Asker: 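I have a structure I would like to understand better, so I am pasting it below and will then ask my questions one at a time.
What you see is a predicted model, and the numbers here were worked out from it, not measured in a lab.
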Amino acid sequence: MIRDWADDLRGGDLEAAADHFQLPSLAQNGTAPIELTTRDQVRAFNASLPCGAELTEAEDHGHFTIATFELTERPGGGECGTGVGETARTAFVIEDGLITRWIRVVDEDELAPPAEGPVV
């Protein structure tokens with residue numbers, strides 16, 4: 001199912017990509033969690049992703065499946081630019097064959113180092 005979603009997104013078919021989400025569902029892509037309650041919101045969330053993605057690995061972690069993707073350009077999206085060829089990871093919760101949670105997994109090397117300055 002995750003592969004099907006990624007294939008639809010990478011192909012620029014936002015309608016088909018949206019069909020992989022249950023309503024309501026929750027998405028978090030480096031932001032506060034966003035509740036998606038309509039198909040239009042799910043399409044808008046998918047459209048907000050600037051890159052396409054090819055699934056390279058999926059690992060079961062209890063309630064979550066952690067998927068690793070290789071980023072690609074995609075038609076109808078933003079421009080992936082220097083992200084092409086990089087990897088990204090997402091934690092999915094799948095219920096009844098549909099995505100109910102889509103949460104970007106941030107690797108430690110993506111986190112900003114602490115600001116240096118005087119200790120107060």
Asker: Mind listing the closest non-hydrogen atom pair of V42 and S25 along with its distance?
Answerer: CG2-OG, 4.5 Å
Asker: Using a cut-off of 6.0 Å, state whether more than 12 heavy atoms not belonging to R39 lie near its atom CZ.
Answerer: yes
Asker: Which pairs, with at least one residue in residues 12-47 and sequence neighbours excluded, count as a disulfide (SG to SG under 2.5 Å)?
Answerer: none
Asker: Taking only residues at least two apart or on different chains, which pairs with a member in residues 88-101 satisfy side chain to side chain donor-acceptor pair (under 3.5 Å)?
Answerer: R89-D107
Asker: Ignoring hydrogens and geometry, is there a side-chain-to-backbone donor-acceptor pair from R43 to E15 under 3.5 Å?
Answerer: no
Asker: Compare every heavy atom of A67 with every heavy atom of I2, then report the nearest pair and how far apart it is.
Answerer: CG2-CB, 4.0 Å
Asker: Say you draw a straight line from OG1 of T31 to CZ of F45; how long is it, rounded to the nearest 0.5 Å?
Answerer: 8.0 Å
Asker: State, yes or no, whether a side-chain contact exists between P33 and L26 at a heavy-atom distance under 4.5 Å.
Answerer: yes
Asker: Side chains of N29 and L49: does their closest heavy-atom pair fall under 4.5 Å?
Answerer: yes
Asker: Using 0.5 Å steps for rounding, measure from the CG atom of L9 to the NE2 atom of H20.
Answerer: 10.0 Å
Asker: Is there side-chain contact between L14 and R74, with heavy atoms separated by less than 4.5 Å?
Answerer: yes
Asker: Nearest 0.5 Å, what's the OG1-CD distance between T68 and E59?
Answerer: 6.0 Å
Asker: Can a donor-acceptor pair be found, under 3.5 Å and without considering hydrogens, that links the side chain of E54 to the backbone of F69?
Answerer: no
Asker: Apply side chain to side chain donor-acceptor pair (under 3.5 Å) to T37 and list each qualifying residue two or more places apart in sequence or on a separate chain.
Answerer: Q41
Asker: Restricting to non-hydrogen atoms, name the atom on P75 and the atom on G11 that form the minimum distance, rounded to 0.1 Å.
Answerer: CG-O, 3.3 Å
Asker: Which atom pair, heavy atoms only, marks the closest approach of C80 to L71?
Answerer: SG-CB, 4.1 Å
Asker: Answer whether the closest heavy-atom distance between the side chains of E73 and E79 falls below 4.5 Å.
Answerer: yes
Asker: Return the minimal non-hydrogen interatomic distance between A58 and T65, and the atom names on each side.
Answerer: CB-CG2, 4.0 Å
Asker: Hydrophobic clusters here meaning ILVMFWY residues chained together by side-chain heavy-atom distances under 4.5 Å, can you tell me if L23 and F21 are in one?
Answerer: yes
Asker: Check the hydrophobic clustering (I, L, V, M, F, W, Y; side-chain heavy atoms under 4.5 Å; chains of links allowed) and say if F64 and L98 are grouped together.
Answerer: no
Asker: Using the rule that Ile, Leu, Val, Met, Phe, Trp and Tyr join whenever any side-chain heavy atoms are under 4.5 Å apart, tell me whether V84 and L55 fall into a single cluster.
Answerer: no
Asker: Hey, would you say the F92 and W5 ring centroids sit under 6.0 Å apart?
Answerer: yes
Asker: Distance check, rounded to the nearest 0.5 Å: D4 atom CG versus D19 atom CG?
Answerer: 11.5 Å
